Amino acid sequence: MNVYVGNAGQDAALDKGWLLGHFKEAGLRHSEDVEIKWGVHAAGDKRPAWVRGEVRTALLVLISGRFRVELPGRDVLLAQQGDYVVWGRGVDHSWVAEEDSVVLTVRWPSVPGYAG
């Protein structure tokens, strides 16, 4: 059957949070179209450097916690389960977990050269 069943928390722990993308092995979780990440972040975790020259569109959804996305000239606070932000190609960004947080990230397309 063309079906994969897993647990986001368990599978994510094996590959920096990534569940789907071009960088996954051949099979249902390999995708040239989309990347999906189950991100588990301790309070105080932050991206070491801003992403510059982004070539993908991204959606970030808060599952739990409190998570700040930093964008040029604007910060977006995700504080309630289900809060989300979408940004397009060319938008630089960074982030910081203000509390222990779980976030679901979807990026498209899945671009070779980016490992996640």
Side-chain angles (χ1 to χ4, degrees):
M1 288 180 59
N2 206 15
V3 174
Y4 178 89
V5 176
N7 175 278
Q10 293 172 359
D11 288 352
L14 302 174
D15 191 12
K16 300 179 189 173
W18 293 102
L19 302 175
L20 276 82
H22 76 276
F23 36 79
K24 301 301 284 184
E25 293 181 20
L28 290 176
R29 297 191 320 140
H30 177 86
S31 174
E32 302 293 327
D33 300 316
V34 67
E35 300 169 356
I36 299 178
K37 181 177 186 177
W38 184 261
V40 178
H41 303 280
D45 280 355
K46 61 182 177 178
R47 194 162 190 8
W50 276 63
V51 173
R52 306 235 181 245
E54 179 62 78
V55 298
R56 299 159 296 186
T57 299
L59 161 72
L60 196 144
V61 182
L62 181 70
I63 306 300
S64 63
R66 187 176 169 96
F67 199 83
R68 181 175 304 278
V69 177
E70 301 169 335
L71 303 167
R74 178 179 185 189
D75 284 359
V76 176
L77 179 63
L78 306 178
Q80 294 183 28
Q81 185 178 55
D83 284 353
Y84 69 94
V85 60
V86 180
W87 61 90
R89 294 177 181 169
V91 176
D92 298 341
H93 62 278
S94 192
W95 53 261
V96 61
E98 294 189 352
E99 296 177 355
D100 291 347
S101 299
V102 176
V103 293
L104 179 72
T105 301
V106 181
R107 300 188 304 203
W108 63 94
S110 186
V111 179
Y114 290 85

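The basis for the numbers below is simple: all heavy atoms, side chains too, and nothing from hydrogens, waters or symmetry mates. Here the structure is a predicted model, which means the values were calculated and not measured.
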To check you understand the geometry: which heavy-atom pair defines the closest contact between [X] and [Y], and what is its length?
X   : Y    : value
Q10 : L14  : O-CG, 3.6 Å
A43 : D100 : N-OD1, 2.8 Å
P72 : V91  : CD-CG1, 4.1 Å

What is the distance from atom [atom1] of [X] to atom [atom2] of [Y], rounded to the nearest 0.5 Å?
X   : Y   : atom1 : atom2 : result
I36 : R29 : CD1   : CZ    : 10.5 Å
D75 : S94 : CG    : OG    : 9.5 Å
T57 : R89 : OG1   : CZ    : 5.0 Å
L78 : R66 : CG    : CZ    : 10.0 Å
F67 : D83 : CZ    : CG    : 12.5 Å
H30 : K24 : NE2   : NZ    : 11.5 Å

According to a 4.5 Å side-chain heavy-atom criterion applied to Ile, Leu, Val, Met, Phe, Trp and Tyr, with indirect links allowed, do [X] and [Y] form part of one hydrophobic cluster?
X   : Y    : answer
L62 : L77  : no
L60 : V40  : no
L59 : L104 : yes
W38 : V34  : yes
V61 : V86  : yes

Neighbour count >12 (heavy atoms, 6.0 Å) for atom OH, Y84: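 No.
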Heavy atoms of other groups near Q81 CD, more than 12 under 6.0 Å: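 For Q81, atom CD is not crowded (no more than 12 foreign heavy atoms under 6.0 Å).
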Compare all side-chain heavy atoms of [X] with those of [Y] and state whether any distance is below 4.5 angstrom.
X    : Y    : result
S64  : V102 : yes
V111 : E32  : no
I63  : V103 : no

Backbone of A42 reached by a side-chain donor or acceptor of D45 within 3.5 Å: yes
Flag, side chain of D15 to backbone of G17, donor-acceptor distance under 3.5 Å: no
Distance flag, aromatic centroids of H93 and W87, threshold under 6.0 Å: yes
Geometric class of the F23/W18 ring pair [parallel <30°, tilted 30-60°, perpendicular >60°]: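 Ring orientation, 0 to 90° scale: perpendicular.
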No-hydrogen, no-angle side-chain donor-acceptor test under 3.5 Å, E35 and S110: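 Yes.
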